[in-house]
Chemist: 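A single structure is presented below for examination.
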Amino acid sequence: TQLLEQSPQFLSIQEGENLTVYCNSSSVFSSLQWYRQEPGEGPVLLVTVVTGGEVKKLKRLTFQFGDARKDSSLHITAAQPGDTGLYLCAGADNYGQNFVFGPGTRLSVLP
Amino acid sequence: DVKVTQSSRYLVKRTGEKVFLECVQDMDHENMFWYRQDQGLGLRLIYFSYDVKMKEKGDIPEGYSVSREKKERFSLILESASTNQTSMYLCATRGGIYGYTFGSGTRLTVV
């Protein structure tokens, strides 16, 4: 069974600070996705990374897939209160059909 | 945009009641999923379906059943609700290897 761990579990920072959250596994994934879930809503897909070492940028968010495709990171520059939410990573098996979700990192950005 | 609509945002049911959670998607995707989300446990897959009339057990199917009579509709049924089924329930669709699109969720409380 593939398992994903996320760290930290909780993070509270001031507006304007930078932060990085991590998604780790002992398993290899064919692709990895990051989602953000706001309170009272379902998760929303932010990005999919598929190639080991891949880096994708989405405005102030930078996503990296590890070279061995076992881990990923999400870096946020100059965090804003609108970034507050639960950040989930999800990894796909070799066939890209079965996904497993991590437990999430709950981020709070204080104004 | 793909839209996934869950019929209720909040539900309160009594122990032993039969509960129906409805989900409708408008993008003609074959794949539909039901997850429950609990603090500290992340998203856990209950059931999924790759086609009409077809269903597969996920990781935690006990106490649940599903129905998919039409492609756009996937229903989750709690045959006899129990307090340990109090949770956030999320319906999702997925187009092939791409990311999930989730509904807004149903927060079910069983008293």
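Below, all heavy atoms of this structure are taken into account, side chains as well, without hydrogens, waters or symmetry copies. Residue numbers start from 1 in every chain, and the chains themselves are labelled A, B, ... in the order their sequence lines are given, proteins ahead of strands. All figures in this text were calculated on a predicted structure; none of them were measured in a lab.
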Chemist: Going from CD on A/Glu54 to CG on A/Leu32, what distance comes out if it is rounded to the nearest 0.5 angstrom?
Modeler: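 A/Glu54 CD to A/Leu32 CG: 10.5 Å, rounded to 0.5 Å.
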
Chemist: Heavy atoms, side chains only, cut-off 4.5 Å: are A/Glu5 and A/Cys23 in contact?
Modeler: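 No - every pair of side-chain heavy atoms lies 4.5 Å or more apart.
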
Chemist: Ignoring hydrogens and geometry beyond distance, is a side-chain donor-acceptor pair present between A/Tyr35 and A/Gln33 at under 3.5 Å?
Modeler: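 Distance-only check passes for A/Tyr35 and A/Gln33.
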
Chemist: What are the residues of residues 56-64 of chain B, in order of number, with any heavy atom under 4.5 angstrom from a heavy atom of chain A?
Modeler: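 Residues of residues 56-64 of chain B touching chain A at under 4.5 Å: none.
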
Chemist: Please output the residues of residues 70-89 of chain A in contact with chain B, using a heavy-atom cutoff of under 4.5 Å, in numerical order.
Modeler: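 Contacts with chain B: A/Leu86, A/Leu88.
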
Chemist: Quick one, B/Lys55 and B/Val66 - any side-chain contact, counting heavy atoms below 4.5 Å?
Modeler: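 The answer is yes, as the side chains (C-beta and beyond) meet within the 4.5 Å cut-off.
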
Chemist: Is the closest side-chain heavy-atom distance between A/Gln6 and A/Tyr22 below 4.5 Å?
Modeler: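 With C-beta onward as the side chain, the pair stays apart.
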
Chemist: Out of B/Ser67, B/Cys91, B/Ser75, which one pairs with B/Glu22 under the side chain to side chain contact (heavy atoms under 4.5 Å, CB included) rule?
Modeler: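 That would be B/Ser75.
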
Chemist: Find the distance between CG (B/Leu21) and OG (B/Ser7) and round it off to the nearest 0.5 Å.
Modeler: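 Going from the CG atom of B/Leu21 to the OG atom of B/Ser7 covers 6.5 Å.
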
Chemist: I'd like a table of donor-acceptor pairs (distance under 3.5 Å, sequence neighbours excluded) in which one partner is a side-chain atom from residues 103-111 of chain B, with atom names and distances.
Modeler:
{"residue": "B/Ser104", "atom": "OG", "partner": "A/Glu41", "partner atom": "OE1", "Å": "3.2"}
{"residue": "B/Thr106", "atom": "OG1", "partner": "B/Gln6", "partner atom": "NE2", "Å": "3.3"}
{"residue": "B/Thr106", "atom": "OG1", "partner": "B/Ser8", "partner atom": "O", "Å": "2.5"}

Chemist: Got more than 12 heavy atoms from elsewhere within 6.0 Å of CZ, A/Arg60?
Modeler: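 Yes, the 6.0 Å shell around CZ holds more than 12 heavy atoms from other groups.
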
Chemist: Tell me, for B/Phe48 versus chain A, whether the close heavy atoms (under 4.5 Å) come from the side chain, the backbone, both or neither.
Modeler: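 For B/Phe48, no heavy atom lies under 4.5 Å from chain A.
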
Chemist: Under 30°, 30 to 60°, or over 60°: which ring-plane class applies to A/Phe101 and B/Tyr100, parallel, tilted or perpendicular?
Modeler: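 Tilted, since the angle between the ring planes falls between 30° and 60°.
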
Chemist: Would you say the side chain of B/Lys71 lies within less than 4.5 Å of the side chain of B/Glu30, judging by non-hydrogen atoms?
Modeler: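 Contact flag for B/Glu30/B/Lys71 side chains = yes.
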
Chemist: Heavy atoms only: give me the nearest B/Leu90-A/Pro43 pair and the separation to one decimal.
Modeler: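 That would be CD1-CD, 3.9 Å.
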
Chemist: Show the numbers, then the answer: is there a side-chain hydrogen bond (donor to acceptor under 3.5 Å, both in side chains) between B/Tyr35 and B/Gln37?
Modeler: CA-CA 7 Å; B/Tyr35 287 88; B/Gln37 184 177 31; over 6 Å; no

Chemist: Let me know if A/Glu38 has heavy atoms under 4.5 Å from chain B in its side chain, its backbone, both or neither.
Modeler: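 No part of A/Glu38 comes within 4.5 Å of chain B.
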
Chemist: Considering only heavy atoms, give the residues of residues 78-88 of chain B separated from chain A by less than 4.5 Å, sorted numerically, with 'none' for an empty result.
Modeler: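 The residues closer than 4.5 Å to chain A amount to none at all.
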
Chemist: Side chain from CB out, backbone as N, CA, C, O: work out which of these in B/Arg44 comes under 4.5 Å of a heavy atom of chain A, or both, or neither.
Modeler: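 Looking at B/Arg44, nothing touches chain A.
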
Chemist: Does the distance from a Lys or Arg side-chain N to an Asp or Glu carboxylate O, for B/Asp51 and B/Lys53, drop under 4.0 Å?
Modeler: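 Salt bridge absent between B/Asp51 and B/Lys53.
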
